[in-house]
Number of protein chains: 2
Amino acid sequence: MIERHLLKLRLRDKIDAAEEAALRGTIVDTVVHAAGRTIVRAGEELNYSTLLLDGLVGRYKDLKNGQRQITHVHVAGDFADLHGFTLKRLDHSLLALTPCTIARASHTRLREITETLPHLTRMMWYSTNVDAAIHREWEVSLGRRSAIQRAAHLFCELHVRLGVVGLADENGYGLAISQAELAECLGLTPVHVNRVLRELRERSLVEFRNGRVSFQDLPALRRLAEFDPGYLYLTPQPL
Amino acid sequence: MIERHLLKLRLRDKIDAAEEAALRGTIVDTVVHAAGRTIVRAGEELNYSTLLLDGLVGRYKDLKNGQRQITHVHVAGDFADLHGFTLKRLDHSLLALTPCTIARASHTRLREITETLPHLTRMMWYSTNVDAAIHREWEVSLGRRSAIQRAAHLFCELHVRLGVVGLADENGYGLAISQAELAECLGLTPVHVNRVLRELRERSLVEFRNGRVSFQDLPALRRLAEFDPGYLYLTPQPL
DNA sequence: CGGTAAGTTGACGTGCGTCAAGTCTCGTGG
DNA sequence: CCACGAGACTTGACGCACGTCAACTTACCG
């Protein structure tokens, strides 16, 4: 159930049996959402946080003119809104980018964890801090990288993050989203994303096709994107 | 000393005397940095977090070609890297944008807080979550807003945040940074920032001059930026 | 009073947006 | 089995917001 989440946490630090049980105990139910559905709407009051078991979820914000910006993409094993535990309402919405299975973690039980299990509390805090680090890296992409570098960087990031939970290998991974959604992540138009994907393909770096990312030259792709996975904090560190 | 930080926390929830004392007790020393100095370099191992007492600090990331992106601007009363407590090293650097006074909060003592004061721990967690919300809003600016809207949005955000700690009034506030640094926040070139500032001035919205932001028509500026302060989470909420 | 950094402006270039006309894919119903 | 409609994707022609380059002004400081 929450194995993929545990997998990620344990890459950073030990989680003992009591902690694991407490974490499992936060889950009150499991829900399935169809692709394209908004799971949580910005501003609504929350009593639970969303743990993604399977599928892809995006955090997004709408603009008045109908455009939107996806600010983060979550993969299986991620808490999509653990920050909602302290914020109580979200400044963004959550969108199912693919069909999704989610588990809902009760804020009441998360609160009990913060009262009784300080080490696990630090681990949860750590998780939200890594999310923020990802936001920062996306700011760099949006502010300073060219369209082709942004796309390349995103493909590299998702490769590492999906790899951690066993959903990617050295050749690629499944990414069943449309070019329009990719455009919303990258701060570009769908038309330009299409041109950029063609260039990445023609330069024999990556192919994005039929909901799949296939690497042709990963080292060159990483060089193009100036990708350095340090910001994902996947190295062991006792908390 | 840490009054401005307490001011912000207390806008959200009560902090009792024991909690206040514990927070004060984390501070081990105070340091002054000249404008332009890098306070913490990306990647270095940290034993303390940086609480900004006075001045402005930017979080930034460098790119290979010498460009850089500022991903967050901190005002007096902000912890600039409380997330460093769980991350142990930063994925970004910290820059003194103006002369700065900072207090350093020992990670050992912060850890003690997480062991003994769960409510204060949640408040600290909350602080880092608001930082992440600000990162998200900047992603929206960088990805989807025009140059003039980005500038307008930043001026509105800093107005609210400086207002909370008593450093802004309805007419404006001090912001002693260069146009080049503004450009690094906004993902633009200094030349274009200069043109945008001229347009904001000619349209009688804001003036940015001699290290000061002076509003001429704040409601119109907020409309232009589509500014909604909800993402700053400045409303009371028991944690 | 000279030097240096910050700000200003104009001419021109370009990466990405816009608009519009396709094509391809696939699910549905006749 | 084919017809058809709806999305998603693709491509070309053209436009514009912002970048680049370079010259100049202003402010400040020793």
Side-chain angles (χ1 to χ4, degrees), chain A residues 34-37 56 63 65-69 97-99 141-154 174-203 206-214 224-225, chain B residues 34-37 56 63 65-69 95-99 141-154 174-203 206-214 224-225:
Chain A
R37 273 285 302 281
L56 293 169
L63 284 100
N65 64 7
Q67 290 190 97
R68 63 183 182 187
Q69 176 68 38
L97 291 167
T98 65
S141 275
L142 293 166
R144 292 287 177 219
R145 291 199 251 257
S146 67
I148 195 167
Q149 284 181 306
R150 285 183 219 181
H153 200 280
L154 180 58
L175 186 73
I177 68 175
S178 68
Q179 293 183 4
E181 287 160 338
L182 209 46
E184 290 177 333
C185 295
L186 301 176
L188 299 169
T189 57
V191 173
H192 200 66
V193 164
N194 184 279
R195 291 193 264 250
V196 160
L197 291 174
R198 168 154 49 116
E199 187 173 348
L200 286 169
R201 194 183 333 121
E202 287 173 353
R203 286 169 65 175
V206 234
E207 194 158 355
F208 176 63
R209 220 181 180 68
N210 303 323
R212 219 194 134 66
V213 172
S214 310
L224 170 64
Chain B
R37 273 285 303 279
L56 293 169
L63 283 99
N65 63 8
Q67 291 190 99
R68 64 184 180 186
Q69 177 68 39
L95 169 72
L97 292 166
T98 65
S141 276
L142 293 166
R144 292 289 177 217
R145 289 199 252 257
S146 66
I148 195 167
Q149 285 181 306
R150 284 183 221 180
H153 200 280
L154 180 58
L175 186 74
I177 68 176
S178 68
Q179 293 184 4
E181 287 160 338
L182 209 46
E184 290 177 331
C185 294
L186 300 175
L188 298 170
T189 56
V191 172
H192 200 66
V193 164
N194 183 279
R195 291 193 265 251
V196 160
L197 292 174
R198 167 154 50 117
E199 186 173 347
L200 286 169
R201 192 181 335 119
E202 286 174 354
R203 286 170 63 176
V206 234
E207 194 158 355
F208 176 64
R209 219 179 181 69
N210 302 324
R212 217 190 137 68
V213 173
S214 309
L224 170 65

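In what follows, every chain begins at residue 1, and chains take the letters A, B, ... in the order their sequences are listed.
Shortest non-hydrogen contact noted between B/L182 and B/F208 is CD2-CE2, 3.9 Å. Shown here for A/R144 and B/R68, the closest heavy-atom pair between the two residues is NE-O, 3.1 Å. Counting all heavy atoms, side chain and backbone alike, B/A34 lies closest to B/A96 at O-CB, 3.5 Å.
Taking the side-chain hydrogen bond (donor to acceptor under 3.5 Å, both in side chains) definition, one finds that A/R150 meets it with nothing, sequence neighbours left out. For A/E181, the side-chain hydrogen bond (donor to acceptor under 3.5 Å, both in side chains) partners two or more places apart in sequence, or in a different chain, are A/S178.
When side chains are defined from C-beta on, B/L63 counts as touching A/R145, because their heavy atoms get closer than 4.5 Å. Between A/L154 and A/C185, some side-chain heavy-atom pair lies under the 4.5 Å cut-off.
Going from atom CG of B/L197 over to atom C1' of C/dG7 covers 10 Å, rounded to whole Å. Going from atom CG of B/L186 over to atom P of D/dA17 covers 18 Å, rounded to whole Å. Counting to the nearest Å, the C1' atom of D/dT20 and the CG atom of B/N65 are 14 Å from each other. Between B/E199 atom CD and D/dC18 atom C1' there is a gap of 13 Å when expressed in whole angstrom units. For the pair A/E181 CD and D/dG7 C1', the computed distance is 12 Å after rounding to whole Å. If you take CG of A/L182 and C1' of D/dG7, they are 17 Å apart, rounded to a whole angstrom.
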Legend entry - nucleotides 25-30 of chain D: protein proximity per nucleotide (B base, S sugar-phosphate only, - neither; heavy atom, under 4.0 Å): ------
Inset, instruction - Starting at the 5' end of nucleotides 10-17 of chain C, put B wherever the base has a protein heavy atom under 4.0 Å, S where only the sugar-phosphate does, and a dash everywhere else. - result: BB----BB
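Nucleotides of DNA chain D nearest to A/I177 and B/Q67 differ in position, and the one nearer the 5' end is that of A/I177.
Note on A/N194: every side-chain N or O is 4.0 Å or more away from OP1 and OP2 of D/dC9. In this model, the phosphate group of D/dG7 is not approached by any side-chain N or O of A/Q179 to a distance below 4.0 Å at OP1 or OP2.
Recorded end-axis angle for the helix from C/dC1-D/dG30 to C/dG30-D/dC1 stands at 30°, based on five pairs per end and rounded to 10 degrees.
Using a distance-only test at 3.5 Å, with no hydrogens or angles considered, no donor-acceptor pair links the side chain of A/Q149 to the main chain of A/S141.
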What donor-acceptor contacts under 3.5 angstrom involve side-chain atoms of residues 187-202 of chain B, with partners at least two apart or in another chain?
| unit_1 | atom_1 | unit_2 | atom_2 | d |
| --- | --- | --- | --- | --- |
| B/T189 | OG1 | B/H192 | N | 3.3 |
| B/N194 | ND2 | B/Q179 | OE1 | 3.0 |
| B/E199 | OE2 | B/R203 | NH1 | 3.0 |

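With values rounded to the nearest 0.5 angstrom, A/L56 atom CG is found 7.0 Å from A/I177 atom CD1.
The environment of B/R212 atom CZ is dense: over 12 non-hydrogen atoms of other residues, nucleotides or ligands sit within 6.0 angstrom.
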